[in-house]
Participant: 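Okay, handing you the structure first.
In what follows, chains carry the letters A, B, and so on, assigned in the order in which the sequence lines appear, proteins first and then strands, with residues in each chain numbered from 1.
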Amino acid sequence: MSAIDANNSLRVALDTCQEGHSLPRAFYNDPAIFQSDMEGIFYREWLFAAPECELPNPGDFVTLTVHDAPIIILRDQDGIIRAFYNSCRHRGSRLCKSPRGHTARLVCPYHQWTYELTGKLISTRFMGEDFEADKFPLRPVHVTSVEGLVYICLAQTPPDLEKFRADITPYIQPHDPRRTKIVHESTIVEDANWKLVIENNRECYHCAGAHPELLVSLVEMALPNDARFADELAIMDQKARDWDALGLPHAPVDGGLEYRCIRLPFREGAFSMTLDGKPACKKLLGDLVEQDLGSVRAFRIPNNWHHFLSEMTLHFRVLPLGPDKTEVRTTWCVHEEALEGWDYDVEHLSRVWVETNAQDKTLAEENQKGSRSPGYVPGPYSEMSEFMVINFTKWYRNTLESWLSEAAE
Amino acid sequence: MSAIDANNSLRVALDTCQEGHSLPRAFYNDPAIFQSDMEGIFYREWLFAAPECELPNPGDFVTLTVHDAPIIILRDQDGIIRAFYNSCRHRGSRLCKSPRGHTARLVCPYHQWTYELTGKLISTRFMGEDFEADKFPLRPVHVTSVEGLVYICLAQTPPDLEKFRADITPYIQPHDPRRTKIVHESTIVEDANWKLVIENNRECYHCAGAHPELLVSLVEMALPNDARFADELAIMDQKARDWDALGLPHAPVDGGLEYRCIRLPFREGAFSMTLDGKPACKKLLGDLVEQDLGSVRAFRIPNNWHHFLSEMTLHFRVLPLGPDKTEVRTTWCVHEEALEGWDYDVEHLSRVWVETNAQDKTLAEENQKGSRSPGYVPGPYSEMSEFMVINFTKWYRNTLESWLSEAAE
Amino acid sequence: MSAIDANNSLRVALDTCQEGHSLPRAFYNDPAIFQSDMEGIFYREWLFAAPECELPNPGDFVTLTVHDAPIIILRDQDGIIRAFYNSCRHRGSRLCKSPRGHTARLVCPYHQWTYELTGKLISTRFMGEDFEADKFPLRPVHVTSVEGLVYICLAQTPPDLEKFRADITPYIQPHDPRRTKIVHESTIVEDANWKLVIENNRECYHCAGAHPELLVSLVEMALPNDARFADELAIMDQKARDWDALGLPHAPVDGGLEYRCIRLPFREGAFSMTLDGKPACKKLLGDLVEQDLGSVRAFRIPNNWHHFLSEMTLHFRVLPLGPDKTEVRTTWCVHEEALEGWDYDVEHLSRVWVETNAQDKTLAEENQKGSRSPGYVPGPYSEMSEFMVINFTKWYRNTLESWLSEAAE
């Protein structure tokens, strides 16, 4: 398919979008629009890649694949976090296939071209005397840690991330994500378009019917002044006073359509996202002394959301694999010095979100099956309960509109 | 691919068709032509969906998927059969995923939007005071029962079905399909284009070499005056007199290229499509008293054929899954009051067509493998033995020609 | 996708090729370019199909599939090797599905149309008196045996093969491949573009890091005067004298970009491609009396390479299955009169290349994963170690350039 055809598909689809309604069918199914999503969004925006605690020491690396692009992220000998395209500069072979590991050098398994952790090519065989190794460093990818959350960007010139950093840092810094360790992780594949996975996450309108385990702790409320939740509002008022006293921010930040950050309380009597509402870990994060902190909820377009509790952090990363296939990785972290068996139990700590993820997978897959139908017509969102979905689809359409305009120039 | 490109593929392919020959390669392989098949045929024609006896009571439902379109068919509280796109009017989620069931309401598993069995939206949460629920009924699909055979049509304005109904009703009414029950079903997936599955069914030229079990009862003869089958003609004459005396029609109806209906005898001594030729069920259908009725064979474009015997009905439904993937569902029905173990044995009753379906699957798959070859050239049909295949491909080409002309207007 | 779009993709991709560098990303991933590869190369060039010893007797046949085209190769009653499209002239069904067998006639499993081994249609049922069977022979495919190597060509007018035949015959004739038998075979599927599989084979730059078993016998040297391999050069000089004395040619032939043929010695002390370097078979091939003959290495575009040792021949056949999926078949042959258990042991004989193939599969798959990345940029080949890869990609680009020019006429 020519680029012109592909852009025409997108143009036509964008023109049929209706304010306040779910997206037209093509956005969830058309391979050409999926390709636009990759080029206009996933190869241009900042993407959450991993919690920084996955790379504690020089030489540690993790790998991931952004659709077609294998990426390696590592901590170099000077402690600097770097990211590269995981393709050798010789014939393009992937350099690392392990999801994570530790190494002093990057050696291509094909012909042993060898790179320093800075990306510098330092050794090749038989390339001749005229070969200028310094012209073939690994191709870098932008990378930054936002208070322990590692983001990468495949664009040549990445969009600004500083307002996001400034806004969310005060919320998550007290939880000190850099001093955590991953104690559980899960990677699932959902047979659904990545936008349905994100839309599912952007509302709790479905929680009552789908997530009994999650609702032990979570309140459907997404804003601290939602009049529908009278009981919870009373709790919110009380908590707001407690958190103010502790110097912990909680009011919603103004992230426009791009991000959200807020601290919200759990249901009365629940301290954590566990089946019994009890803390997932005895040892609190950072220097926290108060257990009852609800959770800081952070979301950022296009691919991640997080919960920061008093004793646990949760990180969710969404990566598209195809028009109707999406990978969701979840990592559960506790204080790096917490002891398994004493401070926490992995089953107790992970159960709620393992179940919730499985439930969301089914919901997203059924949504995919129904919205690929020629009988599907976009329906109206609930302004009360799905305002964050509305925001997401607005952001999505704006972003592709801009991308199309740039491409047309 | 743009719609113009897709239609060009079809145009070119149609122009290379040769009268009396199998279709050119592209018709069995090209994804663009497959898409045309869906839009020009499967989303426009009446499709056999299920035997009505699968929905005996108010609240019973069955689901199926017409390529991309999940459909639900149900009997409402007033006993009326209705069909809907199986997609919620909110965000498009599939409403029902069970192949069949019983329910008083349709409740979307995503956000619990709730519909009456008439399709009326009767309950939503948090949609605000201005929300006009009556604007969001389930989208209806045309549905009708032709004497117990449930047909659906996804077109806005369905083609006429009344001549078909009038023609076949006298043939099948005596077998009273509404008073049957399904006692066995099978759903198989063939790695072949749907047209190869239909073509395979439209001739018995292949029977001698492929279907030993079927030939216990079936005669290769497709017309009651086929001079090649002298012995069977004598049987036919005798049977015609018997059936006339019983008031049971048997002569071929004039269904043009669209359908066929005829009663033909079995081989001498065979009463049913069983391995031993003995009746599949002791209890006869409807009010029939004579066991030796051969079978009424009904076929209708684009996706179904049936056998109505004195004591059993067989229904075959073909649904395309992709250019080279097709689902075939077979249901075996007997009188609703027949008793398993006493009147019938499932293995005895189903064996012949379970074997025959498996043999046809292999034939269609080998046909697919050979006709996707650049070395394949369409070959000549046998006018004597493949006239119904000729009719089918004529109908197919005419239908896509019309669809292209309409699209061009 | 229209043909014009597809050719545009190829045109754009060809224009971005850089001399001495690996191919741009699209060549390894784009379905349109894969289709061009089939039409411009695999449906036009001579392809290695099988060792002739697989068809020792009249009536023997083998089948293979060239992407979409099932092919049958057989030895007819007069001993002539023939090849046909494996599609019945009736409705296109594949005639044979066995990988190999023996038959007196070819009978289509669908409707029993029957062909002589010359391809002549000799029997059909019910085709009527006017049917002219002689107009429906099996469609022939060009086939020839080059000294025991069976090549086929799907083009109407095949390219010339006589220079190749004349050049390589003196090298392989002493090994008498016609008097061998297959004693082991393997067929593996690599998740990589066929060109990456070939490129991998065209250099031993990767051997040091990947193939410990192969390096027991093989020298990385590809030319008899490669100054990097001083020790081996001494062996080469000695061997050249020995082989000259035996009348066995060894110097590289001039096959341009299309083929290569050379005899090279193994490492000192190694007689064969076995784990211990000992001969794979006690009985020598043909009338050979000298065990230490290194191996004749023959490669021919686009899909095959071979080793002819004193006591074993190895044949490698590459067939593309899709843009990122390729079948590699390897056959191991020894003298037709050699006795298993006495003369050879299958595990001892096959182990090195079973391991080497598995290693190459991983290398090609990692190359595929890295080169599909938007971060991949073609890199420089080593002129010393990858000159045969350079030749291959030159040949590839030239061939598609010519094909495009012809198509444009």
Participant: Would you call the rings of B/F126 and A/Y205 parallel, tilted or perpendicular if under 30° counts as parallel and over 60° as perpendicular?
Facilitator: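 It falls in the tilted class, 30° to 60°.
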Participant: Out of curiosity, B/R125 CZ to A/R228 CZ, how far, rounded to the nearest 0.5 Å?
Facilitator: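 Separation between the atoms: 8.0 Å.
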Participant: Determine whether the aromatic ring centres of B/H111 and A/Y381 lie less than 6.0 Å apart.
Facilitator: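 That pair fails the under 6.0 Å test.
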Participant: Do NZ/NE/NH1/NH2 and the carboxylate oxygens of A/E365 and B/K97 come within less than 4.0 Å?
Facilitator: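 B/K97 and A/E365: not salt-bridged.
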Participant: If I measure from the heavy atoms of chain B, does A/V389 come under 4.5 Å with its side chain, its backbone, both, or neither?
Facilitator: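 Contact with chain B: side chain only.
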Participant: In sequence, state the C-alpha distance, the side-chain angles, and the governing distance for B/T65 and A/R372, and then conclude on side chain to side chain contact (heavy atoms under 4.5 Å, CB included).
Facilitator: CA-CA 11 Å; B/T65 303; A/R372 76 172 190 175; 3.8 Å; yes
Participant: With only heavy atoms counted, which part of A/S22 is less than 4.5 Å from chain B, the side chain, the backbone, both or neither?
Facilitator: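 Contact with chain B is through the side chain of A/S22 alone.
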Participant: Check whether A/N29 gets within reach of chain B through its side chain, its backbone, both or neither, counting any heavy atom under 4.5 Å.
Facilitator: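 For A/N29, no heavy atom lies under 4.5 Å from chain B.
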Participant: Let me know if A/E220 has heavy atoms under 4.5 Å from chain B in its side chain, its backbone, both or neither.
Facilitator: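 Interface part for A/E220: side chain.
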Participant: Quick one: OG on A/S371 to CG on B/D68, what's the gap to the nearest 0.5 Å?
Facilitator: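 The distance works out to 10.0 Å.
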Participant: Evaluate the side-chain proximity of A/S382 to B/F131: yes if any heavy-atom separation is below 4.5 Å, no if none is.
Facilitator: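 Heavy-atom side-chain distance check fails, nothing below 4.5 Å.
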Participant: Around atom CD of B/Q156, are there more than 12 heavy atoms from other residues, nucleotides or ligands closer than 6.0 Å?
Facilitator: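 Not more than 12 within 6.0 Å, no.
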Participant: Go through A/E203, A/E383, A/H21 and name the one with the most non-hydrogen pairs under 4.5 angstrom from chain B.
Facilitator: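 Sorted descending by pairs with chain B, the first entry is A/E203.
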Participant: Evaluate the criterion side chain to side chain contact (heavy atoms under 4.5 Å, CB included) for residue pair B/Y85 and A/V377; output intermediate values, then yes/no.
Facilitator: CA-CA 10 Å; B/Y85 284 106; A/V377 287; over 6 Å; no
Participant: Between B/F84 and chain A, with a heavy-atom cut-off of 4.5 Å, which part of the residue counts as in contact: side chain, backbone, both or neither?
Facilitator: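 Neither part; nothing is under 4.5 Å.
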Participant: Do B/R91 and A/E386 have side-chain heavy atoms sitting under 4.5 Å apart?
Facilitator: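 Counting from C-beta outward, B/R91 and A/E386 do come under 4.5 Å.
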Participant: Rounded to the nearest 0.5 Å, what separation is found between the OG atom of B/S87 and the CD atom of A/E366?
Facilitator: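 Spacing of OG (B/S87) from CD (A/E366) equals 10.0 Å.
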